[in-house]
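A short write-up of the structure that comes next.
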Amino acid sequence: MTTSNPQLNSHGELIHLLSIEGLSRDILHNILDRAEPFTAVAEREVKKVPLMRGKSVFNLFFENSTRTRTTFEIAAKRLSADVINLNINTSSAAKGESLLDTVDNLAAMQADMFVVRHASSGAPYLIAQHLAATGRDHIHVVNAGDGRHSHPTQGLLDMYTIRHYKKDFTQLTVAVVGDVLHSRVARSQLHALTTLGVPEIRLVGPRTLLPAAAAQMIPGAPLRVCNDLADGLRGADVVMMLRLQNERMNGALLPSTQEYFKSWGLTPEKLALAKPDAIVMHPGPMNRGVEIDSSVADGRQAVILPQVTFGIAVRMAVMSMLAGGAQ
Ligand code: CP
């Protein structure tokens with residue numbers, strides 16, 4: 001079998017995790033299934049497992065992170081790997097060393113895996129292609145968020161969370177609410193929800209924060225655009241809130257954050273339009289009082305902190321799958 005997907009080998013097995021786009025339903029379910037037993041490690045009922053003993057994982061975070069960087073570090077340590085967190089601000093990248101020179105030098109220190117977050121869409125692909133072109137494709141690359149493009153482990157942990165609470169993807173109505181335009185998380189979620197068979201996905205937000213031709217942004221996806229929050233929330237099973245990505249906005253796309261909250265902020269009254277057992281998700285960091293009211297963020301329907309804990313198990317599943325080759 002040959003494949004043009006750079007994250008799969010010639011047998012269709014995952015060697016890098018660069019994007020959810022192009023991954024089959026079987027691969028997604030394999031990762032989610034593999035994460036199940038790791039929840040005992042994530043919750044520390046089991047302290048550690050030896051699946052990556054002797055392996056070196058390098059965290060290269062060229063953009064800020066709290067959840068992703070820390071849970072990758074925890075996941076790697078609970079798999080018994082050695083973890084090196086490169087501090088980009090005090091590294092020679094700050095003196096102008098290129099991304100690929102940085103990678104080459106860390107590869108020379110016998111890296112087994114790079115976990116990469118970068119402001120440029122495609123940076124993890126560039127690293128994977130460079131490693132392949134130089135005969136080092138035994139070193140795995142995991143995308144921890146690249147520009148507006150993709151955040152695949154966030155998408156996977158979101159799917160794990162939905163499956164945990166709702167069981168069957170094929171019966172769900174999912175609302176993705178807010179700044180879809182600038183969100184790599186939304187793109188990963190939409191690919192995953194579509195591949196896993198969700199029959200109705202609503203893109204809910206003001207026109208200025210949705211991509212042009214939003215309903216066609218993922219070929220074959222069952223997308224419905226809602227430019228009204230009430231319309232988007234009515235009868236939903238899952239409400240996935242998105243952060244306003246101010247750092248990626250060019251120019252004023254909103255009158256003010258107060259106006260945004262009035263029209264698009266998730267309050268208890270608005271949430272009451274969704275199903276009574278709907279879950280509320282957010283990838284973090286949250287802008288409280290902008291896209292979500294605190295009473296919802298901390299309320300009984302929120303599963304925002306469980307998302308973080310599940311992230312450890314899902315990242316353990318991804319890393320051990322790549323490192324062990326057992327798929
Ligand atoms: N969800 C997420 O990517 O959060 P961090 O930026 O804190 O990693």
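For clarity, every value in this text was computed on a predicted model and none was experimentally measured. We count ligands from 1, going down the list as the structure has it; atoms in each ligand are counted the same way.
Nearest to atom 6 (O) of ligand 1 by heavy-atom distance, out of Arg243, Arg117, Glu63, is Arg117. The residue from Met286, His151, Gln154, Arg67 that puts a heavy atom closest to atom 3 (O) of ligand 1 is His151.
Close contacts between ligand 1 and Gly284 involve ligand atoms 1 (N), 2 (C), 4 (O) [criterion: under 4.0 Å to a heavy atom]. Each of the following atoms of ligand 1 lies closer than 4.0 Å to a heavy atom of Thr66: 5 (P), 7 (O), 8 (O).
Salt-bridge formation is detected for the pair Asp104/Arg136: a Lys NZ or Arg NE/NH1/NH2 atom is positioned less than 4.0 Å from an Asp or Glu carboxylate oxygen.
By the 6.0 Å and 45° rule, Arg117 does not stack over the aromatic ring of Phe61.
Residue contacts with ligand 1 leave out Gly145, since none of its heavy atoms falls under 4.0 Å from the ligand.
Residues Asp293 and Ser295 bring a donor and an acceptor atom of their side chains to less than 3.5 Å of each other.
Any N or O atom pair closer than 3.5 Å counts here, and Pro285 shares no such pair with ligand 1. Residue Arg69 has no N or O atom closer than 3.5 Å to an N or O atom of ligand 1.
The shortest contact between atom 2 (C) of ligand 1 and any protein heavy atom is with Thr68 OG1, 3.4 Å. Atom 1 (N) of ligand 1 has its closest protein heavy atom at Pro283 O, 2.8 Å.
Using a 30° and 60° split on the angle between ring planes, Tyr125 and His149 fall in the perpendicular class, above 60°.
At least one side-chain heavy atom of Met240 sits less than 4.5 Å from a side-chain heavy atom of Ile162. Between Leu17 and Asn143 there is no side-chain heavy-atom pair separated by less than 4.5 Å.
The only option from Phe38, Phe310, Tyr165, Phe169 that meets the ring-ring contact (aromatic ring centres under 6.0 Å, His included) definition with Tyr160 turns out to be Phe310.
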